[in-house]
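Note that the coordinates shown come from a computational prediction; the quantities given were computed from them, not determined experimentally. Each chain gets a letter, A, B and so on, in the order the sequences are listed, and its residues count up from 1. All heavy atoms count here, side chains included; hydrogens, waters and symmetry mates do not.
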4 protein chains.
Amino acid sequence: MPAVNSQPRRARSGNRRDEAARVAVLHAADDLLVEHGFGALTVEAIARRAGVAKQTIYRWWPSKVEILLDTLIEDTAKRLPVPTELPTASGIRAYLRDFADFLAADPAGKCLLTLLAEAQHDPGTAASFHERYLEPRRIAEIEMLTRATEAGEVSPVLGPEATMDALLGPIVYCALTGVAVPRDLVDTLAENILRPRA
Amino acid sequence: MPAVNSQPRRARSGNRRDEAARVAVLHAADDLLVEHGFGALTVEAIARRAGVAKQTIYRWWPSKVEILLDTLIEDTAKRLPVPTELPTASGIRAYLRDFADFLAADPAGKCLLTLLAEAQHDPGTAASFHERYLEPRRIAEIEMLTRATEAGEVSPVLGPEATMDALLGPIVYCALTGVAVPRDLVDTLAENILRPRA
Amino acid sequence: MPAVNSQPRRARSGNRRDEAARVAVLHAADDLLVEHGFGALTVEAIARRAGVAKQTIYRWWPSKVEILLDTLIEDTAKRLPVPTELPTASGIRAYLRDFADFLAADPAGKCLLTLLAEAQHDPGTAASFHERYLEPRRIAEIEMLTRATEAGEVSPVLGPEATMDALLGPIVYCALTGVAVPRDLVDTLAENILRPRA
Amino acid sequence: MPAVNSQPRRARSGNRRDEAARVAVLHAADDLLVEHGFGALTVEAIARRAGVAKQTIYRWWPSKVEILLDTLIEDTAKRLPVPTELPTASGIRAYLRDFADFLAADPAGKCLLTLLAEAQHDPGTAASFHERYLEPRRIAEIEMLTRATEAGEVSPVLGPEATMDALLGPIVYCALTGVAVPRDLVDTLAENILRPRA
DNA sequence: AGCTAAACGAGACGGTACGTCACGTCTTGGA
DNA sequence: TCCAAGACGTGACGTACCGTCTCGTTTAGCT
């Protein structure tokens with residue numbers, strides 16, 4: 001679905017990158033992943049669905065996982081921002097709940113799980129995934145946690161890195177094993193690991 | 001002639017399954033995974049390395065992930081049994097530490113992570129992995145936890161299912177993201193989630 | 001269909017060749033050829049259909065074409081004997097007509113065409129086919145022709161070998177190309193090549 | 001740079017069919033057939049020998065017999081044209097002699113016999129072989145015969161179809177049975193079947 | 001009556017080729 | 001300069017048969 005407007009033919013780009021082709025590829029990849037699973041996510045299928053030539057994909061993305069990574073980064077920025085300004089205990093708890101919902105329900109959540117999985121199979125994917133997604137988020141999360149601790153909102157029983165692993169780990173593990181995150185799991189974890197003020 | 005292996009030639013199996021071929025396939029798959037990664041784990045490569053015909057693999061395993069699953073099940077039974085008899089708080093803590101070491105260092109640990117990853121890509125793999133590995137282990141773990149609780153060894157802050165997710169999740173998440181599990185993470189988690197007697 | 005009687009189990013043979021298995025194989029091969037074509041004529045399919053183990057086939061026949069050859073030889077002896085006693089011009093003409101009908105209509109005719117075809121593909125088949133089928137028949141045909149010539153029944157315009165090629169060639173060629181042998185072709189050929197007395 | 005073949009590397013084709021690959025496949029198939037027989041004529045062997053990918057073969061030919069058919073059609077057009085302009089009795093006789101030599105000596109002759117044989121095994125092959133080779137040639141031959149008859153060059157004892165079967169049949173039959181066509185067979189047949197003027 | 005030897009059904013085995021799919025690279029020709 | 005289109009070499013897929021090889025059973029014929 002490359003066309004984004006009512007014109008029968010997309011305005012072709014000439015010698016600049018075709019933005020319509022770019023978003024068509026991202027959408028096609030995401031749609032294929034959600035609708036038919038990772039097995040159907042081939043470069044040829046993406047090109048077919050996006051109405052784009054295969055070469056156009058190879059020109060701009062080194063592999064199909066980078067497409068997913070682009071999608072994930074854009075979607076996460078919109079739907080799951082890390083709260084960094086004046087974080088409170090309840091703000092952090094809300095963030096954890098949002099994260100659980102994101103993994104369980106959002107199409108981009110499937111995208112994250114897929115990338116985490118593919119990173120186990122391929123070192124290159126792992127490197128990209130860490131560098132472009134995990135590390136930046138982790139830095140923001142650590143900052144969130146540090147500020148909250150300094151403000152006396154929370155007093156975690158572990159260092160910031162380990163605290164984030166202790167909080168996110170169970171949520172991710174439940175998502176990976178197809179288990180719905182229990183309602184009280186997040187709250188009890190926050191209570192016992194973060195030790196909020198109230 | 002009491003000796004059964006005086007010839008270097010492998011004893012052929014007749015019309016019964018060839019045990020030597022079976023273990024050769026399991027070893028070949030494990031070796032390929034550890035040495036060259038999941039990308040090199042093709043059925044043809046396994047057959048080549050095991051000195052076995054491709055058809056022999058397809059005769060006994062519906063897919064290559066079932067081979068890994070067989071390997072994982074056999075190896076886990078040997079190297080990471082769930083302690084079910086008279087479990088103590090320190091026994092559970094030791095189990096968690098062993099699990100972290102298993103994921104980090106054992107070849108079969110890579111196998112587990114690979115299966116967990118592949119389960120994200122393919123529903124069939126997910127079903128097999130749950131049915132043949134995760135569920136049986138989870139049942140044993142729940143029993144371990146229940147007995148320890150009844151014996152007063154521990155008094156967990158969550159139900160048994162959620163407790164196991166809270167304990168195993170961070171370990172798995174660290175392994176998946178390539179982070180070494182911090183020394184104090186497991187112990188502090190056990191302290192705050194399980195609340196042992198002592 | 002190995003069983004030839006009402007007993008649920010065929011009487012097993014002990015340490016002598018099992019005649020029931022032999023004819024079951026011949027029939028299965030012929031049936032498969034006629035019903036599903038040469039492509040379906042695999043050793044495994046023959047064994048399956050005959051209710052016989054593959055090894056039993058390999059024990060007695062070096063290849064599947066030898067099975068067809070056995071069938072052809074038995075059937076030809078019954079249904080298309082070469083008239084050698086006191087041959088007449090009309091006897092030879094009748095033989096040619098029978099041969100045309102045999103190729104067109106008899107299951108064993110398909111068998112002959114198949115063997116002639118397979119002989120083009122494989123020298124071993126060609127050797128067996130010549131030695132066991134073509135040569136013996138040719139010798140009998142030449143004798144038939146020679147006797148008829150000596151008796152003054154016919155006075156062929158070519159030597160006996162070439163005469164047989166001139167008479168049989170068109171019939172075989174029509175069968176190979178799927179053309180029905182025209183009614184007058186055989187008769188006119190006989191008239192102009194054999195030059196019968198009357 | 002006017003030269004197109006200054007590099008040893010073959011010029012790649014872009015998005016048009018690669019003519020070099022096409023002829024390489026035809027030659028490889030013919031060579032394999034002549035050198036090692038039909039048994040060695042596998043698609044994989046053709047691809048290997050032609051230096052071409054298997055998929056390139058499957059992209060353009062539905063089966064290996066179509067490759068042979070292409071070869072045969074091209075070669076026959078060059079080496080064994082049917083004389084259609086002002087055919088004479090001796091012209092027809094020469095055509096028959098050329099046909100016999102073609103079958104006996106020319107590589108493409110083996111190709112024809114192979115196709116005729118394979119047509120016995122597979123109805124699809126038979127259909128293609130008739131439609132693309134036998135029928136067009138037969139039409140040209142019938143026209144040749146009709147013209148010669150109308151010009152009074154010959155007065156055949158049979159209709160044109162049956163006449164061609166009577167003339168070609170013995171030649172093909174000899175070739176199929178590995179018998180060298182006797183020198184006088186063709187001439188005597190022509191004399192007695194065609195009845196030329198002189 | 002028991003023993004030996006052969007043929008049997010069953011079917012696992014190491015192989016080869018099949019025809020299909022997707023990969024990533026390349027070239028053409030149009031905008 | 002970018003793009004759609006698509007042919008190409010590469011290599012793995014899962015399947016079908018090949019011909020060989022045990023297995024354990026059955027039976028004929030000899031001790």
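In this structure, D/Ile46 places its CD1 atom 12 Å from C1' of E/dA17, rounding to the nearest Å. To the nearest angstrom, C1' of E/dA6 lies 12 Å from CG of C/Asp18. A straight line from CD of B/Glu19 to C1' of E/dC13 spans 15 Å, rounded to a whole angstrom. Separating the CD1 atom of D/Ile67 from the P atom of E/dG19 is a distance of 10 Å, rounded to the nearest angstrom. The separation between A/Trp61 atom CH2 and E/dG24 atom C1' is 16 Å, rounded to whole Å. Rounded to whole angstrom, the span from the CD atom of C/Glu66 across to the C1' atom of F/dC18 amounts to 17 Å. One atom, CD1 of C/Ile57, and another, P of E/dA10, lie 12 Å apart when rounded to the nearest Å. Computed from coordinates, the B/Arg48 CZ to F/dA12 C1' distance equals 10 Å when rounded to whole Å.
Counting heavy atoms of neighbouring residues, nucleotides and ligands inside a 6.0 Å radius, atom CD of B/Glu74 exceeds 12 of them.
Which of E/dC13, E/dA7, E/dG15 sits closest to the side chain of B/Thr56 comes down to E/dC13.
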Could I get a table of every N or O pair under 3.5 Å where one atom is in the protein and the other is in nucleotides 29-31 of chain F?
none

Give me, pair by pair, the N or O atoms of the protein and of nucleotides 13-15 of chain F that are less than 3.5 Å apart, along with how far apart they are.
unit_1, atom_1, unit_2, atom_2, d
F/dC13, OP1, B/Val43, N, 2.8
F/dC13, OP2, B/Val43, N, 3.1
F/dC13, OP2, B/Glu44, N, 2.9
F/dG14, OP2, B/Tyr58, OH, 2.5
F/dG14, O5', B/Tyr58, OH, 3.4
F/dG14, N7, B/Lys54, NZ, 3.0
F/dG14, O6, B/Lys54, NZ, 2.8

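A cation-pi arrangement is present between A/Lys64 and A/Phe38, with the terminal nitrogen or guanidinium carbon under 6.0 Å from the aromatic centre and inside a 45° cone about the axis. Both the sub-6.0 Å distance and the 45° axial angle are satisfied by D/Arg17 relative to the ring of D/Trp60.
Nearest heavy atom pair, residue C/Ala29 against residue C/Ile46, reads CB-CD1, 4.1 Å. Of all heavy-atom pairs spanning A/Leu72 and A/Cys111, the tightest one is CB-SG, 4.1 Å. Taking both residues in full, the closest heavy atoms of C/Ala47 and C/Ala53 are given as CB-C, 4.3 Å, listed atom of the first, atom of the second, then distance.
Within the 4.5 Å cutoff, no side-chain heavy atoms of B/Lys54 are placed close to those of B/Arg59. By the 4.5 Å heavy-atom criterion applied to side chains, D/Val23 and D/Glu19 are counted as neighbours.
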Might you work through the salt bridge (charged side-chain N to carboxylate O under 4.0 Å, His left out) test for B/Lys110 and B/Asp30, ending with a clear yes or no?
CA-CA 9 Å; B/Lys110 171 133 192 179; B/Asp30 207 12; over 6 Å; no
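Side-chain N/O atoms of A/Trp60 include none lying less than 4.0 angstrom from OP1 or OP2 on F/dC2. At E/dC8, one or more side-chain N or O atoms of C/Arg59 fall inside 4.0 Å of OP1 or OP2 (strictly under the cut-off).
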